[in-house]
Amino acid sequence: MLKAQETLLEIDLNALEHNVTYLKSRIHSSTKFMAVVKSYAYGNAAVDIAKHLETLNADYFAVAYTYEGEQLRTSGVTTPILVLHPQAVSFNTLIENCLEPNLYSLKVLKEFVATAEVLNQKEYPVHLKFNTGLNRLGFSEAEIPEILSILKHTEAIKVTSLFSHMGASEDLNEKAFTIQQIETFKRISDLLLNQLPYKPMLHMCNTSGILNYPEAHFDMVRSGIGMYGFGNSEIENTHFKPITTLKTVISQIHHIPIGESVGYNRGYISDSPLTTATLPLGHADGIGREYGNGKGFVAINGQKAPIVGNTCMDMIMVDITNIDCQEGDEVIVFGDYPTAEEFAATANTISYELLTGLSQRIKRVVLK
Ligand SMILES: *Cc1c(COP(=O)(O)O)cnc(C)c1O
């Protein structure tokens with residue numbers, strides 16, 4: 001561990017390895033593991049993480065957009081990469097980089113076949129996504145005949161996998177909904193498997209699906225948040241290690257007399273003497289205004305220091321009245337305490353949003 005002298009996002013590859021090992025212990029040894037590294041590996045550092053995951057035998061990667069996959073390829077990543085939400089405008093780039101598209105509608109399927117044919121592709125690997133209740137992306141069951149007819153009339157593509165996505169796998173109150181999704185997916189995939197001359201892989205589970213629905217692991221699972229250290233439940237969290245620590249440093253300490261204010265718009269007015277520390281981190285770094293005014297807190301020497309007043313663009317002020325600390329001391333914004341989940345909860349959001357919203361201007365330090 002480094003002692004921070006500026007704002008740093010520390011990424012612990014040993015913790016990543018711990019989490020992947022745990023996730024793999026929850027799936028059958030023959031089930032493939034797709035590592036979801038979209039959005040800079042949930043705000044971490046996609047290339048370092050993907051390269052380390054290759055050494056941990058990740059079978060597949062997933063990104064959201066073609067550009068993200070292109071960056072991985074440019075950095076030398078050779079594992080197959082599924083692009084979850086490709087746009088037709090980038091199909092040429094996608095093929096040039098050996099990226100594999102999620103085809104989720106008849107329009108996108110036809111557009112991709114057309115591009116693949118123009119580029120003289122043969123059996124180019126594609127993945128078909130079915131909507132089973134999330135109502136976000138995916139073919140409907142009724143479209144199966146037309147999908148089959150398109151597939152029959154082209155040699156340019158070959159379906160590597162059929163998949164779907166769970167809408168509430170972390171919420172056990174929605175178990176009936178998820179089981180319904182699983183049943184729908186089985187019905188759809190059976191229909192296709194019966195008609196196709198080869199056997200694509202099936203996959204449906206994200207991290208919470210892996211943990212809560214072992215009966216739905218099929219041929220492959222897709223994990224994002226679990227690899228980064230969160231199991232989406234208090235019990236599961238005990239098995240994971242957050243891989244990210246956001247650290248910063250005390251720039252300046254102020255002693256605020258009664259009646260003075262702190263920050264823009266006089267967001268805080270002291271009714272008792274207050275000591276504050278100013279930190280080099282603000283909403284431009286991804287710590288939004290929702291965290292201000294006493295909601296969010298950081299840890300200094302293990303003690304809770306709430307944010308005072310409004311979050312500025314590049315700074316926050318925190319209450320250190322009862323904390324023994326000095327200018328230059330290290331501050332933990334989130335890590336072991338508070339965790340990213342705890343910190344995010346103070347602004348009514350989730351670790352996914354907090355992590356992926358961290359600005360690229362924050363220096364990433366990868367610990368090996
Ligand atoms: C982001 C994403 C995942 C990963 O979900 P986690 O909850 O982070 O494990 C899996 N599948 C799809 C389709 C996704 O978009």
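Counting starts at 1 for both ligands and their atoms, following the listed order.
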**Student:** Any luck finding a side-chain donor-acceptor pair between R26 and H217 under 3.5 Å?
**Tutor:** no
**Student:** Looking only at side-chain N and O atoms, does Y22 offer a donor or acceptor that is under 3.5 Å from a partner on E236?
**Tutor:** yes
**Student:** Among all residues two or more places apart in sequence or in another chain, which pass the side-chain contact (heavy atoms from CB on, under 4.5 Å) test with K295?
**Tutor:** none
**Student:** Should we say atom CZ of F177 is surrounded by more than 12 heavy atoms from elsewhere, each under 6.0 Å from it?
**Tutor:** yes
**Student:** Does D329 use its side chain to pair, donor to acceptor, with the backbone of Q326 at less than 3.5 Å?
**Tutor:** yes
**Student:** At a heavy-atom distance under 4.0 Å, which protein residues reach ligand 1? Sort them by chain and number, would you?
**Tutor:** V36, K38, Y42, L84, K129, R136, H165, N206, T207, R222, S223, G224, I225, Y352
**Student:** Please state whether the rings of Y42 and Y352 are parallel, tilted or perpendicular, taking 30° and 60° as the class boundaries.
**Tutor:** tilted
